[in-house]
Amino acid sequence: MPEGPSIVILRELIEDLHLEGSKLVDVVGTTELDKERMVNQKVIEFKTWGKHFLICFEDFALRIHLMMFGSYRINERKESKPKIGLIFKTAELNFYTCDLKYIEGNLDDTYDWTADIMSEAYNINHTVKSLKEHNNSFVCDVLLDQDVFAGSGNIIKNEVLYRIKVQPLTKIGDLSTAKLKSLTTATQQYAFDFLKWKKENTLKKHWEVYGKKTCPRHHTIIKKNLGKNKRVSFYCPECQKLIELHKK
DNA sequence: AAGGATGTTGCCTG
DNA sequence: TCAGGCAACATCCT
C-alpha cells in the first residue's frame with residue numbers, strides 16, 4: 001500500500017469528502033490508543049508527510065502509518081474490525097493493520113516538510129546538504145532513509161537508481177554534487193510519475209527494473225538484497241555500473 | 001499454495 | 001557498549 005504517492009492519493013480521496021471543520025461523532029476500533037480523545041473534536045486538516053497520514057486537531061494530530069500491509073476503506077467496511085474507525089456525521093474512515101500514534105503540539109516541531117518528496121516545500125538544496133552528511137552510506141540505503149527522502153520506498157529507490165544510472169552500492173561520497181542534485185530531483189520526479197501512474201492504474205506497466213527480469217535495453221537484471229537494511233535491489237549491471245565515473 | 005513483499009521498531013546478542 | 005541481526009506486527013497477491 002504505502003510509499004509517499006499512495007498516501008497522497010489517500011489524502012486526496014479524503015479531502016474530496018470535505019470533512020475539515022466537522023467533528024468526529026464516534027471513534028471505534030481495536031487500537032489501544034485513547035479513542036475518546038478524538039470524539040467531539042473538530043478536524044482542522046488532513047496532511048501527509050512522507051508515508052505518514054495526519055489527521056490534525058486543535059493541538060494534536062493522529063498519525064496513521066500503513067506500514068507494509070495497511071489498508072483503508074472510505075465509507076465502506078472490511079470483514080475484519082478496523083484498527084481505527086473515524087465516524088463523522090456524513091462519512092466514515094476505516095483503517096486496518098496500521099500503526100497509530102498521537103503527535104502532540106505543532107506538527108512543524110515534529111516534521112521537516114522540506115524533506116518530504118511529495119511536498120511543495122521539498123527543497124533540492126536542503127536535501128543535497130543532508131545527503132552530504134551521509135558520505136559513507138550506500139545510495140540504496142539513503143533512498144530509504146525517511147529523514148533524507150521522506151516518502152521514498154523500495155519501488156522508488158530501484159526505479160530512481162535506474163533512471164540516473166547509479167549502482168545501488170555506490171557511496172554517496174563518490175557522487176559529484178551535480179549527481180547528488182540529479183538524485184534529488186529524480187526522486188521527486190519519479191514520485192510524481194508514480195502518483196500519476198498509480199491513479200491511472202498503470203504503475204506496474206511503467207516499472208523499468210523493479211520486479212523485472214530485463215531492463216529496457218534488454219540486459220539481464222540482478223536482484224539482490226543490498227545495503228545495511230538488506231532490502232531487495234533490482235539493477236542492471238550494464239546500465240548502472242559501479243564506477244567512479246560520477247566523481248568530478 | 002507457500003512464499004514473498006510498496007515498512008518500521010525494538011529487542012537480543014556477541 | 002553498541003552495531004548488526006532478526007523477530008514481530010499482520011495481509012494480500014502470485
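Throughout, protein chains are lettered first and strands after them, A, B, ... in sequence-line order, and every chain is numbered starting at 1. Note that the coordinates shown come from a computational prediction; the quantities given were computed from them, not determined experimentally.
- The CG-C1' distance, from A/N225 to C/dG4, rounds to 16 Å in whole Å.
- When the nucleotides B/dG7, B/dA5, C/dC12 are ranked by their closest atom to the side chain of A/K78, C/dC12 comes out on top.
- We find that CG of A/D145 is positioned 13 Å from P of B/dG7, with the value rounded to whole Å.
- Checking the phosphate oxygens (OP1, OP2) of B/dA5, a side-chain nitrogen or oxygen of A/K223 falls inside 4.0 Å.
- Nucleotide C/dG5 holds its C1' atom 16 Å from the CZ atom of A/R231, rounded to whole Å.
- With respect to A/K198 and A/E3, no salt bridge is recorded, no charged nitrogen being found less than 4.0 Å from a carboxylate O.
- Contact annotation for A/K157: no contact, since no heavy-atom pair falls under 4.0 Å across all strands.
- Separating the P atom of B/dG3 from that of C/dA7 is a span of 15 Å, rounded to the nearest Å.
- Side-chain contact between A/F95 and A/F53 is present, with at least one heavy-atom pair separated by less than 4.5 Å.
- The residues A/K47 and A/D116 are annotated as not salt-bridged, no charged nitrogen and carboxylate oxygen being separated by less than 4.0 angstrom.
- Per the geometry, CE belonging to A/M68 stands 5 Å off C1' belonging to B/dA5, to the nearest Å.
- Spacing between atom CD of A/E79 and atom C1' of C/dC12 amounts to 15 Å, rounded to whole angstrom units.
- Summarising the geometry, atom CG belonging to A/L161 is positioned 10.0 Å from atom CG belonging to A/L169; distances are rounded to the nearest 0.5 Å.
- Toward the 5′ end of DNA chain C lies the nearest nucleotide of A/K230, the other residue of the pair A/T97 and A/K230 mapping further downstream.
- Taking the P atom of each, C/dC6 and B/dG4 are spaced 15 Å apart, rounded to whole Å.
- In this structure, A/L226 atom CG and C/dG5 atom P are separated by 13 Å, rounded to whole Å.
- Atom CH2 of A/W207 and atom C1' of B/dA5 are 10 Å apart (whole Å).
- In terms of phosphate contacts, A/K228 brings no side-chain nitrogen or oxygen within less than 4.0 Å of OP1 or OP2 of C/dG4.
- Dashed line: the shortest gap from a side-chain N or O of A/H65 to OP1 or OP2 of B/dT8 is under 4.0 Å.
- Among A/D16, A/L13, A/N94, the one residue that satisfies the side chain to side chain contact (heavy atoms under 4.5 Å, CB included) test with A/I74 is A/L13.
- For the pair A/L144 CG and B/dA5 C1', the computed distance is 13 Å after rounding to whole Å.
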